[in-house]
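Here is the structure we will look at, set down as structure tokens.
A, B, ... follow the sequence lines: proteins, then strands. Residue 1 opens every chain.
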Amino acid sequence: MPGDKTAKGMDFNAYDEMAPRSPDKTPAELRNGGRVKSQAATPSGVYLPNNNIQTPDMRSPEYVQMSTAAAITLGIMAGKMYRCECTRCLNLLLTYPEGCRANCAYCGLARHREADRDYADRNFIRVDWPSVPVAEIIEKVAADGENTPFHRMCISMITHPNSDADTVSVLKAWTDRIDPKTVPVSILSNPTTMQRDDVATLHGLGADIFTVALDAATPTLFDRTRGKGVQSPHTWKKYWEILNDARDIFGKEKFGAHLIVGMGETEHDVLSVVQDLRDMGGHSHMFCFFPEKGSLMDHLPATPRDQWRRVQMARYLIDYCNVRLEHMSFDEHGRVSDFGLPKAELDGIIDTGLPFRTSGCPGKFQEDISACDRPYGDSPPSDIASFPFQPNKTDIRKVRRQMGFPKTVN
Amino acid sequence: MRGVSENFDADVIVAGLGPAGARAAAAAAKEGKRVIALERKRRAGMPVQCAEFIPTMVSQELGELDAVTRQRINAMETFIEGETCERTENFPGRMISREAFDRRLVEDAIHAGSDCRFGVKIAAIAEDGAVHLSDGQTLKAPVLIGGDGPRSCVGAAIGAVNTDMVETRQLTVPLLRAHDATDIFLSEQLPGGYAWLFPRGDVANLGAGVIPCARTVLKDYLNELHEDLVAQGRVGAEVLSYTGGAIPVGGRLFSYAMLGDTAVLLCGDACGLANPVTGGGIASAVISGGLAGEAAVGWLDGDEDSLDDFESELAAIFDPALNRAVRRRCELLGALGSGEATAADFRRGWIAYEEYWNDETTLVRGNAA
């Protein structure tokens with residue numbers, strides 16, 4: 001079951017056990033979107049991912065992909081979501097037949113999947129991403145006006161030579177029709193192809209928050225999962241350079257970094273980054289590692305729930321409760337052994353459920369409730385890692401069991 | 001801490017070693033609990049009484065399933081009264097060997113430390129929760145989990161009985177043309193059910209299910225459908241094997257009760273978790289079995305809320321889909337009973353059509369980041 005203890009009975013995913021597998025070689029004719037480009041099928045309207053039919057030749061800025069949750073909320077796909085009425089974040093992903101040119105080991109969009117399936121058919125954070133004309137999306141959201149269910153829109157840039165320019169085009173097309181005050185825009189950036197001026201351009205065009213998908217919590221892990229270790233172009237140094245630019249240009253509370261927990265870092269490692277981001281004035285947005293089908297880490301265990309809950313809790317304390325890393329204690333494996341607050345206070349914070357919800361850019365409810373609720377992006381609904389809704393009492397009790405943190409009885 | 005007494009034979013007794021029971025046994029044993037699991041059949045999964053389709057979400061619960069997969073399914077093709085065929089893409093899943101699937105889950109349970117016993121029949125369950133076996137032996141544990149199918153003797157002991165059932169009959173036939181979809185046949189001749197052709201490599205499962213009072217139509221309907229498919233060149237005339245069984249279609253039952261000092265929990269079909277429209281029950285068995293095992297551990301460790309929480313979790317996960325399916329099934333049965341069922345009624349009553357999902361406020365689809 002996802003989130004179980006590891007095969008060796010550990011309650012955390014250790015570095016030595018989390019090595020990505022090697023990719024298979026991709027035949028030359030399938031590289032760079034060869035299968036799609038050779039057929040050059042003209043797209044027509046919405047394309048629902050299907051690996052068994054010809055994928056049309058779709059590319060940004062005319063087309064983007066959107067999450068299944070966004071497509072359901074927008075009425076583009078039929079379906080209902082478990083315990084969620086809708087998603088509050090319209091997650092858009094730039095799209096090209098060549099796909100993302102990076103090869104991150106944990107990602108379903110990675111380049112090595114060229115042999116397996118066309119870019120628009122690949123799964124990402126556990127779900128399909130339909131391709132939709134940008135104009136159609138904007139038309140639908142604009143028609144809803146102030147009644148839009150979305151509290152935020154986010155453009156995910158992916159790694160592609162055109163993504164800087166196309167992000168600008170999509171952002172412009174959006175802000176031409178939709179007031180950023182009604183639906184603020186976040187940018188999930190691709191630092192590898194960006195310069196400081198690019199960051200400033202996006203800010204000038206009305207983007208509200210700028211985030212960097214750091215994902216790996218240490219330079220070594222970064223290299224192994226998304227740098228040289230998997231023939232991917234990203235570097236830790238460049239990511240932090242752009243993150244610092246974002247701090248300067250977007251300002252406090254308006255930048256942040258994604259982190260994936262359980263890829264082999266220690267809890268102290270990831271919480272050190274959380275503290276660094278907080279000290280810079282930004283926030284961390286956390287994901288629980290889930291072995292994405294088709295990725296180079298799809299054979300590895302999901303993050304044990306106790307590790308994940310400890311990190312979720314500690315991250316919330318650092319980001320929103322003025323607790324610092326130095327106030328916490330860690331054991332010899334780098335696991336949190338003390339959160340640095342009296343148990344009664346921790347009980348109160350746990351009972352709010354807020355530490356265990358999805359984390360990300362805020363929506364319109366409150367600062368510590370993310371618009372980016374990504375329903376079931378990092379777990380199945382039977383054992384939710386990041387709650388896309390307010391957890392109820394049963395959910396909180398389950399979280400407490402997973403943390404081994406029974407409530408104090410007065 | 002409950003269950004540490006020498007007076008008990010185990011911490012947890014699990015009745016049934018199908019997907020629900022095996023997952024429950026594994027989940028409890030993994031946490032160090034002493035588990036005895038009892039299965040009436042002599043071999044895991046045999047004989048197979050299943051159409052052998054599992055949706056994609058099952059592999060998200062269990063990890064890699066390639067070893068038990070016979071082929072992938074991409075779509076669903078629905079025939080209404082044999083006249084129209086509509087293909088619905090994005091109905092992904094796998095056709096499995098149910099025997100290999102069950103065996104894998106039992107191996108997981110054994111690996112976790114469960115004492116799995118086959119060919120053991122439960123004769124009775126006493127008012128104090130003691131389990132009397134047909135060989136005269138009696139076993140007692142602080143927790144008894146019923147993963148013993150639609151006619152669960154554990155469920156009967158606490159008054160949780162599936163009353164609405166569908167009866168099924170299935171042939172395995174040679175598949176002459178490769179196919180990537182599950183085919184569904186809806187007909188007024190099949191009240192409360194449907195017929196199916198599910199491809200499994202070079203063979204296919206061809207079956208049908210109906211409400212019990214209409215069971216006499218099954219043989220003739222299936223023979224006729226078989227002949228049609230032979231005439232179309234899709235399947236061979238030979239029948240390789242027969243099977244059949246019952247599916248609970250009344251929706252979820254209450255999931256736990258006390259028998260004396262024994263906590264009794266139900267999971268899978270024993271708890272009525274099969275989908276009343278599709279009959280699919282493997283995913284819910286896997287999920288609910290795991291949750292039952294976790295709840296047992298909580299209860300044994302002194303967590304007084306664990307049983308209520310088990311009930312709440314089952315309700316949260318399964319009720320929206322089950323309630324919708326029960327409603328849709330009743331609506332269609334009503335239309336069929338009036339003798340005026342139209343294609344629109346069938347569409348509203350089947351999951352491949354948007355009409356099935358419309359006009360609802362309840363929520364069912366789980367994977368939607």
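Enclosure of atom NE2 in His111(B) is not indicated, since only 12 or fewer non-hydrogen atoms of other residues, nucleotides or ligands lie within 6.0 angstrom. Within 6.0 Å of the CG atom in Asp24(A), the count of heavy atoms belonging to other residues, nucleotides or ligands does not exceed 12.
Remark: Arg397(A) CZ to Glu304(B) CD distance equals 11.5 Å, nearest 0.5 Å. The CE atom of Met77(A) sits 10.5 Å away from atom CD of Glu354(B), with the distance rounded to the nearest 0.5 Å. Between the OG1 atom of Thr394(A) and the CD atom of Glu311(B) there is a distance of 10.0 Å, given to the nearest 0.5 Å.
Of residues 47-55 of chain A, those residues with a non-hydrogen atom less than 4.5 Å from any non-hydrogen atom of chain B are, in numerical order, Leu48(A), Pro49(A), Asn50(A), Asn52(A).
Glu61(B) has its side chain within reach of Pro380(A): a pair of non-hydrogen atoms, C-beta onward, lies under 4.5 Å apart.
Across all non-hydrogen atoms, the minimal contact from Leu291(B) to Ser382(A) is CD2-O, 4.1 Å.
Neither the backbone nor the side chain of Ser59(B) comes within contact range of chain A; no heavy atoms are under 4.5 Å apart.
For the pairing with Asp309(B), the side chain to side chain contact (heavy atoms under 4.5 Å, CB included) check across Lys393(A), Lys398(A), Arg401(A) returns one residue only, Arg401(A).
Under the rule for a side chain to side chain contact (heavy atoms under 4.5 Å, CB included), Ala27(B) has no partner lying at least two apart in sequence or in another chain. In terms of the side chain to side chain contact (heavy atoms under 4.5 Å, CB included) criterion, residue partners of Ile384(A) (sequence neighbours excluded) are, by chain and number, Tyr82(A), Tyr376(A), Ser379(A), Phe387(A), Pro388(A), Phe389(A).
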Which side-chain N or O atoms in residues 267-278 of chain B pair as donor and acceptor under 3.5 Å with protein atoms at least two apart or in another chain?
{"unit_1": "Asn275(B)", "atom_1": "OD1", "unit_2": "Val277(B)", "atom_2": "N", "d": "2.8"}
{"unit_1": "Asn275(B)", "atom_1": "OD1", "unit_2": "Thr278(B)", "atom_2": "N", "d": "3.0"}
{"unit_1": "Thr278(B)", "atom_1": "OG1", "unit_2": "Gly280(B)", "atom_2": "N", "d": "3.0"}

